[in-house]
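Just below is one structure, and these are the notes that go with it.
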There are 2 protein chains.
Amino acid sequence: MASANPNKQQRSHSRLNAVLDAGAMLFATRGYKATTMRDIASQAGMQPGSLYYHFASKQELLQAIYEIAVEQAQSRLDEAIRSGKNPQAKFEEAIVCHTETMLDQDNYARVMTGVLPGDAPEIEAELTTLRDGYEDSFRRLIRALKLPPKVDRKMLRLFVLGAINATRTWYAPGGKTPRQIGLQIVEILKQPL
Amino acid sequence: MASANPNKQQRSHSRLNAVLDAGAMLFATRGYKATTMRDIASQAGMQPGSLYYHFASKQELLQAIYEIAVEQAQSRLDEAIRSGKNPQAKFEEAIVCHTETMLDQDNYARVMTGVLPGDAPEIEAELTTLRDGYEDSFRRLIRALKLPPKVDRKMLRLFVLGAINATRTWYAPGGKTPRQIGLQIVEILKQPL
DNA sequence: CTATTAACCTAACGTTTGTTTGTCTAAGAT
DNA sequence: ATCTTAGACAAACAAACGTTAGGTTAATAG
């Protein structure tokens with residue numbers, strides 16, 4: 001009955017991380033359906049069948065990536081929120097942070113916006129729950145905000161997140177930096193039209 | 001050498017429109033890759049092979065739908081813009097109109113946001129050109145706007161369109177109407193945060 | 001009435017898909 | 001030195017995919 005070591009000590013030459021990285025990159029840029037297991041295997045430098053040593057199915061691979069993505073994004077966001085000195089500053093920091101996260105090329109978080117809900121029906125509920133957890137931070141931030149009476153808090157959250165998540169469709173490195181883009185969103189929200 | 005009638009008079013019992021409607025509906029809700037020709041045929045009430053009497057390929061079907069979509073959206077938008085009495089009012093009318101268009105269930109326009117760029121590589125350029133034409137209306141509207149100096153016009157356009165296009169991911173009939181949602185966007189832009 | 005053709009259907013083609021199976025290799029444990 | 005097993009490979013599977021080919025029907029034109 002084997003080792004007394006409870007750690008799932010992975011061997012040094014395991015390419016699990018290469019698989020996760022490849023999947024995250026391809027799911028984020030091409031979407032779930034448009035990415036094949038062969039694409040992922042090729043990008044990770046291995047054979048298609050080998051992926052199934054690490055994950056039982058394509059959907060499970062997506063779920064694993066999604067969990068890492070939310071975790072990464074969440075910890076980034078928490079730190080940004082801490083740095084804000086009042087509710088309004090916290091909200092602004094969060095906006096800039098989320099924008100940077102979504103435009104960071106080597107980050108998993110773009111999978112959250114690159115995968116259509118319902119592309120993986122069997123795990124759709126889990127993915128939605130994960131994403132909702134992340135968005136809860138924004139819920140709390142906006143609740144603590146002083147706002148004009150005509151502004152609906154739920155709508156504000158959905159519009160801001162929608163605008164930021166859409167940046168991935170037009171962003172191109174070389175122009176404005178992710179940080180500048182995030183700051184512009186804040187600016188547009190602060191200036192009355 | 002046939003008829004002197006130059007009209008491409010389509011027969012009354014042709015189900016071309018059923019094909020277009022089915023394709024628009026499925027591409028809009030599931031995306032391009034996730035929609036199969038069999039899905040479309042089934043929804044249109046015919047056999048998969050029959051689709052190829054009307055269109056030479058899946059991509060050509062998408063293109064035809066896309067062209068109708070942009071045309072519909074454009075004519076709606078033009079009318080809304082006409083109804084605004086000054087640049088600011090025109091911009092606001094355009095926001096509400098575009099929101100209603102995107103959330104209209106029986107409209108083709110959702111295909112513009114439901115299909116990922118690059119899903120159909122061979123016609124990607126045409127699709128982008130079509131969409132750019134539509135967005136040009138917003139470019140012109142924003143150019144005519146009096147704005148605070150710190151607000152970048154290009155960013156304002158991308159953020160507003162991004163926020164509106166994202167509504168399709170969370171909108172559910174029964175809650176706020178498309179019109180109310182559009183008006184809330186305007187409200188959030190007008191009120192300083 | 002006959003010839004034509006628009007608009008489908010039926011049936012299959014070749015390819016790509018996610019996945020499974022069995023084998024090999026090398027690293028760590030005994 | 002031997003055993004075990006993590007981690008990969010090579011090859012194939014069945015299903016689903018976009019697409020094609022040929023036959024059928026019914027409306028229209030002459």
Side-chain angles (χ1 to χ4, degrees), chain A residues 1-23 26-27 30-65 115-116 118-124, chain B residues 1-23 26-27 30-65 115-116 118-124:
Chain A
M1 288 285 154
S3 91
N5 187 353
N7 300 356
K8 278 201 173 180
Q9 163 176 352
Q10 66 187 22
R11 291 203 185 167
S12 55
H13 61 285
S14 167
R15 301 228 291 275
L16 173 61
N17 277 319
V19 172
L20 290 168
D21 287 351
L26 290 168
F27 285 153
R30 300 186 195 173
Y32 179 75
K33 286 271 182 186
T35 301
T36 73
M37 293 299 267
R38 283 169 178 80
D39 290 338
I40 297 171
S42 167
Q43 177 75 23
M46 50 197 290
Q47 298 295 326
S50 307
L51 299 174
Y52 288 82
Y53 173 76
H54 299 284
F55 301 98
S57 70
K58 189 185 180 186
Q59 302 208 14
E60 279 195 17
L61 170 58
L62 171 62
Q63 184 167 355
I65 292 171
V115 172
L116 297 189
D119 265 357
E122 297 176 21
I123 56 168
E124 188 180 358
Chain B
M1 294 290 156
S3 92
N5 186 354
N7 300 357
K8 278 202 177 179
Q9 163 177 351
Q10 67 186 22
R11 291 203 186 167
S12 56
H13 62 284
S14 167
R15 302 229 291 279
L16 172 62
N17 278 318
V19 173
L20 291 167
D21 287 351
L26 290 168
F27 286 153
R30 299 187 195 173
Y32 180 75
K33 286 270 182 187
T35 300
T36 72
M37 294 298 268
R38 284 169 177 81
D39 289 338
I40 297 171
S42 167
Q43 176 77 21
M46 50 197 290
Q47 298 295 325
S50 307
L51 298 175
Y52 290 81
Y53 172 76
H54 299 285
F55 302 97
S57 70
K58 190 185 180 185
Q59 303 207 13
E60 279 195 18
L61 170 57
L62 172 63
Q63 185 168 355
I65 292 171
V115 173
L116 297 188
D119 265 357
E122 296 176 20
I123 57 168
E124 188 179 358

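Predicted model only: the values in this text are computed from it and were never measured. First the proteins, then the strands, lettered A, B, ... as listed; each starts at 1. All values below come from the heavy atoms of this structure, side chains included, with hydrogens, waters and symmetry mates left out.
Mapping A:D39 and A:A56 onto DNA chain C by nearest heavy atom places A:D39 at the nucleotide closer to the 5' end. Both B:H54 and A:M37 sit near DNA chain C, but only B:H54 has its closest nucleotide nearer the 5' end.
Remark: C1' of D:dT20 and CZ of B:F55 are 18 Å apart, rounded to the nearest angstrom. A:L61 places its CG atom 12 Å from the C1' atom of C:dG18, with the value rounded to the nearest Å. The nearest whole Å value for the distance from the NZ atom in A:K33 to the C1' atom in C:dG18 is 11 Å. The separation between A:Y52 atom OH and C:dG22 atom P is 17 Å, rounded to whole Å.
Residues passing the salt bridge (charged side-chain N to carboxylate O under 4.0 Å, His left out) test with B:D119, sequence neighbours excluded: none. Taking B:S42 as the reference, nothing meets the side-chain hydrogen bond (donor to acceptor under 3.5 Å, both in side chains) condition, with sequence neighbours excluded.
Between B:Y53 and C:dC8, a side-chain N or O to OP1/OP2 separation shorter than 4.0 Å is absent.
Considering only the side chain of A:T36, C:dT17 comes nearest among C:dT17, D:dT19, D:dG7.
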Could you run down the sub-3.5 Å N/O contacts of the protein with nucleotides 9-14 of chain C?
unit_1	atom_1	unit_2	atom_2	d
C:dC9	OP2	B:Q47	N	2.8
C:dC9	OP2	B:S50	OG	2.8
C:dT10	OP2	B:Q47	NE2	3.1

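Heavy atoms only, all atoms of each residue included: B:L20 and B:A64 are closest at CD2-CB, 4.3 Å. Taking both residues in full, the closest heavy atoms of B:V115 and B:L62 are given as CG2-CD1, 3.9 Å, listed atom of the first, atom of the second, then distance.
Checking side-chain atoms of B:D21 against main-chain N and O of B:A18 turns up no donor-acceptor pair under 3.5 Å.
In this structure, B:K58 forms no cation-pi arrangement with B:F27, as its terminal cationic atom is not both closer than 6.0 Å to the ring centre and no more than 45° off the ring axis.
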